[in-house]
Amino acid sequence: MTAVTYSAKDFKSDVKPVWCPGCGDYAVLSSITKAFADLGLAPHQTSVVSGIGCSSRIPAYTNTYGFHSIHGRALAVGQGLKLARPDLTVLVAGGDGDGFSIGGNHFLHACRRNVDLTYIVMDNRVYGMTKGQPSPTTESDWDASAMAPPGGTGMTPFHPLAIALAAGANFVARGFSGDPNGTAAIIAEAIKHPGFSFVAIMSPCITFREEQREWKDTMRKVAIDSTNDAAQAARRLMTDDGYNCGVLYRGNRVSYGKEKIATAQVADLDAEFTL
Amino acid sequence: MRRTPDFESVKTSADLLSVARLMEERSAERYRELAEAFEISCNLDTAEAFRMLAEGEDRHAADFPALVGDAPRTIPWGEDDPEIADPGAVHYLMHPWHAVDLALCHEQETLALFTLVAEKSPHAEVRAEAARLVERETRHVEEMRALRDAQDIPPEDWEDDDDPPNWEAGD
Ligand SMILES: Cc1ncc(C[n+]2csc(CCOP(=O)(O)OP(=O)(O)O)c2C)c(N)n1
Ligand code: SF4
Ligand SMILES: [Mg+2]
């Protein structure tokens, strides 16, 4: 019997994305499906869990197990799923608002808990779905929207890679939707790396941040040198302007839960709740 | 984010034809994806133009002989396979003329790429095949230019939206 292999197309569902024409998230979807195919996975071995936002619509567009969960709570759901079904490849995905505002606390603790899953944040430095409010990664003086305070928020943007590294993520990288093949390779590596892998993917919102179309010229591919020394990675981030792509850090912490995997059967758990 | 073409990895005429066919297939897929995106955002004329372009690319792909063999999983010149439309090059209000103009640019980039392969490949067989592809792509460029010129030219204010998604304070 020959083994069945799946192509990127097999990981796309029949649901047509409702993203704006030109949104970076289309390319991220392609990178994710390509990464699954390149790793030789089958749809029934993979799952995509998200929160709420334009980017978080991604489980509907993938032909995998999926859960379009609650705003900011995707990581809680994804970690639970991985602990209950360690055989599944769990990919959690969402936006900068979802992951760093309302979901910020989950992000910190997911990094330090180090469950073996991959977390992708499609960062467009804005709340796209709700029409253009600033997010934690928005530049402090950005006010080109009626949804932003005049003169901008005045707050220093959050540095997702630095936070992930400081909080204990075991793999930290940045990709760009304009480089779908490079990004697919990073995602594949993130999935293979044990523990919590964080991949920030710069993905332009061409509707509320039209100027992000220029990222095509400003992002630098493979500009980050990889290390497994967290102190060195931290020093590299001191001079990072947010436009360098590549894998920054590959740690060697043991994943959470290896010895804590649930052993009870679902039927037994059900029985406990029977009235 | 340009990558330098990896001339070395394409060693035979069959390799080059597989790559060329994959490029046509990928642009068909990309144009089809754009057609769907424009249908969803209710710009039906532009959706129709992208659908027509996708069908054209299907025909270009079918031109290649079946002997071409297994398609490579990636194109040796990476993400910049020139016929894949750049997502940043589309706008929700664009007209069919813009869609075909975009396709013309991609045909021109493909022509430039094969011209480079015809000059620089270290393999004589690949250089010869690339020279034939240059002739073919030259025809595609001419056909696409004629198709673009047959479209209505968009008005100067095509980008103006009376009800823009991102209204600024004071609008
Ligand atoms: C509990 C809750 N609070 C607020 C919202 C409204 N809401 C929906 S999406 C969103 C922000 C999405 O931004 P981001 O995660 O960056 O995704 P994008 O749309 O930019 O991809 C907000 C605040 C919600 N759905 N649920
Ligand atoms: S609003 Fe922005 S993030 Fe949402 S689909 Fe449109 S371009 Fe993408
Ligand atoms: Mg966002």
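We name chains A, B, ... by the order of the sequence lines, and we start the count at 1 in each one. Since we're looking at a predicted model, the values are computed, not measured.
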K.L.:
Test B/Glu29 against A/Lys9 for side chain to side chain contact (heavy atoms under 4.5 Å, CB included), laying out the working first.
P.N.:
CA-CA 10 Å; B/Glu29 197 181 318; A/Lys9 252 193 213 148; 3.8 Å; yes
K.L.:
I need the single residue from B/Leu93, B/Asn43, B/Val90 that forms a side chain to side chain contact (heavy atoms under 4.5 Å, CB included) with A/Pro21. Which is it?
P.N.:
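In the set B/Leu93, B/Asn43, B/Val90, the residue that makes a side chain to side chain contact (heavy atoms under 4.5 Å, CB included) with A/Pro21 is B/Val90.
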K.L.:
Does CD belonging to B/Glu156 count more than 12 external heavy atoms closer than 6.0 Å?
P.N.:
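Count not over threshold, so no.
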K.L.:
Measuring heavy-atom distances to chain B, does A/Pro17 have an atom under 4.5 Å in its side chain, in its backbone, in both, or in neither?
P.N.:
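Backbone only.
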K.L.:
For the CD atom of B/Glu33 and the NZ atom of A/Lys12, what is their distance to the nearest 0.5 Å?
P.N.:
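So the gap between those two atoms works out to 4.5 Å.
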K.L.:
Please round to the nearest 0.5 Å and tell me the distance separating atom CD1 of A/Ile206 and atom OH of B/Tyr92.
P.N.:
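A/Ile206 atom CD1 to B/Tyr92 atom OH measures 9.0 Å (nearest 0.5 Å).
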K.L.:
Tell me whether A/Glu214 at atom CD has more than 12 heavy atoms from other residues, nucleotides or ligands lying less than 6.0 Å away.
P.N.:
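Not more than 12 within 6.0 Å, no.
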K.L.:
Determine the minimum heavy-atom distance between B/Pro165 and A/Phe208, stating which atoms define it.
P.N.:
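Closest pair (atom of B/Pro165, atom of A/Phe208, distance): O-CE2, 3.4 Å.
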K.L.:
Quick one: what part of A/Gln212 sits under 4.5 Å from any heavy atom of chain B, side chain, backbone, both or neither?
P.N.:
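No part of A/Gln212 comes within 4.5 Å of chain B.
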K.L.:
Does A/Lys16, at its NZ atom, have more than 12 non-hydrogen atoms belonging to other residues, nucleotides or ligands within less than 6.0 Å?
P.N.:
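Result for NZ/A/Lys16: enclosed.
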K.L.:
Minimum heavy-atom separation for B/Ile40 to A/Val18, with atom names?
P.N.:
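Closest pair (atom of B/Ile40, atom of A/Val18, distance): CG2-CA, 3.9 Å.
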K.L.:
Can you confirm whether more than 12 heavy atoms, excluding those of B/Asp152, are under 6.0 Å from its CG atom?
P.N.:
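Count not over threshold, so no.
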